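First the proteins, then the strands, lettered A, B, ... as listed; each starts at 1. Being a predicted model, the structure only gives us computed values, none of them experimental.
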2 protein chains.
Amino acid sequence: MTVDRGTRPSRRAVSPTRSSGEVRGPGDATADDAARPVPGATVARLAVYLRVLTSLLDQGRGTVSSEELAAAAGVNSAKLRKDLSLIGSSGVRGVGYDVSRLTAEVEATLGLTRPHAVALVGVGNLGHALAGYGGFAQRGFPVAALFDVDPDLVGTTIAGVEVEHVDAIGAVCAARGVTIGVVATPAPAAQPVCDALVAAGVRSILNFAPTVLAVPAGVEVRKVDLAVEMQVLSFHVARRHGTVPAARPSPSTAGAAPREAVTR
Amino acid sequence: MTVDRGTRPSRRAVSPTRSSGEVRGPGDATADDAARPVPGATVARLAVYLRVLTSLLDQGRGTVSSEELAAAAGVNSAKLRKDLSLIGSSGVRGVGYDVSRLTAEVEATLGLTRPHAVALVGVGNLGHALAGYGGFAQRGFPVAALFDVDPDLVGTTIAGVEVEHVDAIGAVCAARGVTIGVVATPAPAAQPVCDALVAAGVRSILNFAPTVLAVPAGVEVRKVDLAVEMQVLSFHVARRHGTVPAARPSPSTAGAAPREAVTR
DNA sequence: TTTTGTGAATCCTTTCACAGCG
DNA sequence: CGCTGTGAAAGGATTCACAAAA
């Protein structure tokens, strides 16, 4: 069940002058930590596997085969096995993987064994929704700080956290040990906010603003861009209908107004 | 041009695996479109280029070099030129690309020359924020319908659109010519909702629910998964503890940012 | 000269397919 | 047997680097 069909693999872009490549650090002989390769594409999938695994745990399942886990995660089983072998997992041939053990291994690899304080900047429409979403804290990402520039918002409390002025980003993030910053501001404010976060020591940023953020090497930026997603879907719609207007039975002039398509 | 490529059998009648690859399309040639492959990775970047281009248009810029456009989009200039050559663009050597013309070409490729009616299902925390976000309509994606199961929400109006019961998805989407569906429901409701959308003829879906959607071949699903994004960042935070803090002037490899996914 | 367009090399992922362990 | 782990093959995507056009 749940065999997926058209999900896309990851993509990347962003970051001027350096595209990412991998995730391992350019380590210098650190005797302590064995250098692990773990491809970026694999990391993203591990999070998906983890979701399925926790679900299986709740169901009390003891083991899973790569085939089943892969199907539930919407990927090829060979890919899943390779992903798991990369993080040093060990399944049992002829049996499968131990659910609880694998869950622990994936969590450890993703660094989920301890919480990561998050700072959310921009409590507008989307930001407010994100702050109000309880899933953050539950999944190990406590929202330690909220920021905005709007005087009407600064001072208010959302989900138990007070909104502070963006000018306090530096001091507050450093003081509360924020390691992940979420930018949900309008595009023009994103870069300055990003700079402030980086200056405060934040090395991982999730950007919801429709703009490309420039960051120094060593800072990881992931982007969630609604416009891009919609436009990619638009491309597919256009592909399947060609250029001819969709000839669906009974269009009968319903809703869709003929506006101009200005994507900006 | 186009065609040839002896290595690709391109036809996989049996294989159910079609995910990702590319998005080739039987073009219809309306003005400048010939049947072209257009890699999936390229499509996603075109949307980013478009944003920069419209910005340049507003500034009254007449031309841009691949170097400048690439820098603003956060990509390598060679990649940008290759992307543009794939959609059949034509810059002028020694000069650059005509901003308005290129903008039109990119919009045409992405199918943005006409609006795509969108149906948003799930008007909860996130869904409400999305519905309230005016960017949709402005960018050519008018929200033609809103759905939810909550009796308290059904009947209310958000941003000028009435919220209807999910049971009406089939009828309403077909009647209003919805081509893109946005799923912002809790995980358990996502699959049924997805099925309803597909049954209504929707072939492109943006999924914000933290679950893998199973869809028949021909339906494109893109996922925005907040949990995955946060966990990938967590991985990077954890990584940083094993490597040398600083003292590294040389960049060599740095983080990249896979685009894609996640929510809730 | 400047800047595009693009073959060719390189790198990253995915998929195949099978050896081998339980 | 069933199922994992993985070398090897196959694709894609990115980058290089340079010839050609304006």
Participant: Confirm from the modelled atom types if B:K82 and D:dT14 form a donor-acceptor pair under 3.5 Å, side chain to base only.
Facilitator: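 When only heavy-atom distances are counted, B:K82 does not reach the base of D:dT14 through any donor-acceptor pair under 3.5 Å.
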Participant: Can you check whether B:S66 has a side-chain N or O nearer than 4.0 Å to OP1 or OP2 of C:dT3?
Facilitator: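 For C:dT3, OP1/OP2 do not have a side-chain N/O of B:S66 under 4.0 Å.
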Participant: Could you state the CG-C1' distance from A:L102 to D:dC3, rounded to the nearest angstrom?
Facilitator: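 The answer, rounded to whole Å, is 15 Å.
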Participant: Atom NZ of B:K79 to atom C1' of C:dC11: distance rounded to whole Å?
Facilitator: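 It works out to 12 Å between those atoms.
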Participant: Would you mind telling me which residue lines up with the more 5' stretch of DNA chain C, A:G94 or A:D83, judged by nearest nucleotide?
Facilitator: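 Closer to the 5' end of DNA chain C: A:D83.
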Participant: Rounded to whole Å, please give me the gap between CG in A:L80 and P in D:dC3.
Facilitator: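 In whole Å, D:dC3 P lies 14 Å from A:L80 CG.
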Participant: Scan B:S77 against the nucleic acid and name what it touches under 4.0 Å (heavy atoms): base, sugar-phosphate only, or nothing.
Facilitator: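 Here B:S77 touches no strand at all.
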Participant: Of A:T42 and A:V95, whose closest DNA chain C nucleotide lies nearer the 5' terminus?
Facilitator: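 This one resolves to A:T42.
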Participant: Starting at atom CD1 of B:I87, determine the distance to atom P of C:dT6, rounded to an integer number of angstrom.
Facilitator: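 So the two atoms are 13 Å apart, to the nearest Å.
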Participant: At under 4.0 Å, does any side-chain N or O of B:Y97 touch on OP1 or OP2 of C:dT2?
Facilitator: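 Indeed not, no polar side-chain atom of B:Y97 lies that close.
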Participant: Without hydrogens or angle criteria, can the side chains of B:S204 and A:H236 be said to hold a donor-acceptor pair below 3.5 Å?
Facilitator: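 Checked: B:S204/A:H236 side chains show no N/O donor-acceptor pair below 3.5 Å.
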Participant: Taking the side chain as every heavy atom from C-beta outward, state whether B:V202 and B:I180 have any pair of such atoms under 4.5 Å apart.
Facilitator: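 B:V202 vs B:I180: side chains apart.
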Participant: Considering only heavy atoms from C-beta outward, does the side chain of A:F141 approach that of B:S234 to under 4.5 Å?
Facilitator: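 Result yes, sub-4.5 Å side-chain heavy-atom pair found.
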Participant: What I want to check is whether the side chains of A:D98 and A:S100 have a donor and an acceptor closer together than 3.5 Å.
Facilitator: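 A:D98 vs A:S100: donor-acceptor pair found between side chains.
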Participant: Using whole Å, what does the distance between atom P of nucleotide C:dT6 and atom CG of B:N76 come to?
Facilitator: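 That distance rounds to 17 Å.
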Participant: Can you tell me how far P of D:dA17 sits from CZ of B:R81, to the nearest Å?
Facilitator: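 Distance check: B:R81 CZ to D:dA17 P gives 13 Å.
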Participant: Rounded to whole Å, please give me the gap between CZ in A:R93 and P in C:dA19.
Facilitator: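 Rounded to the whole Å, the gap is 13 Å.
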Participant: Using whole Å, report how far CG of A:L86 lies from P of C:dT14.
Facilitator: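 It works out to 11 Å between those atoms.
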Participant: Are B:L213 and B:I205 packed together at the side-chain level, in the sense that at least one heavy-atom pair is separated by less than 4.5 angstrom?
Facilitator: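 Sidechains of B:I205 and B:L213: in contact.
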Participant: Find which nucleotide of DNA chain D each of A:A78 and B:V92 is nearest to by heavy atoms, and output the residue with the more 5' nucleotide.
Facilitator: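 Taking each residue's closest nucleotide, the earlier one in sequence belongs to A:A78.
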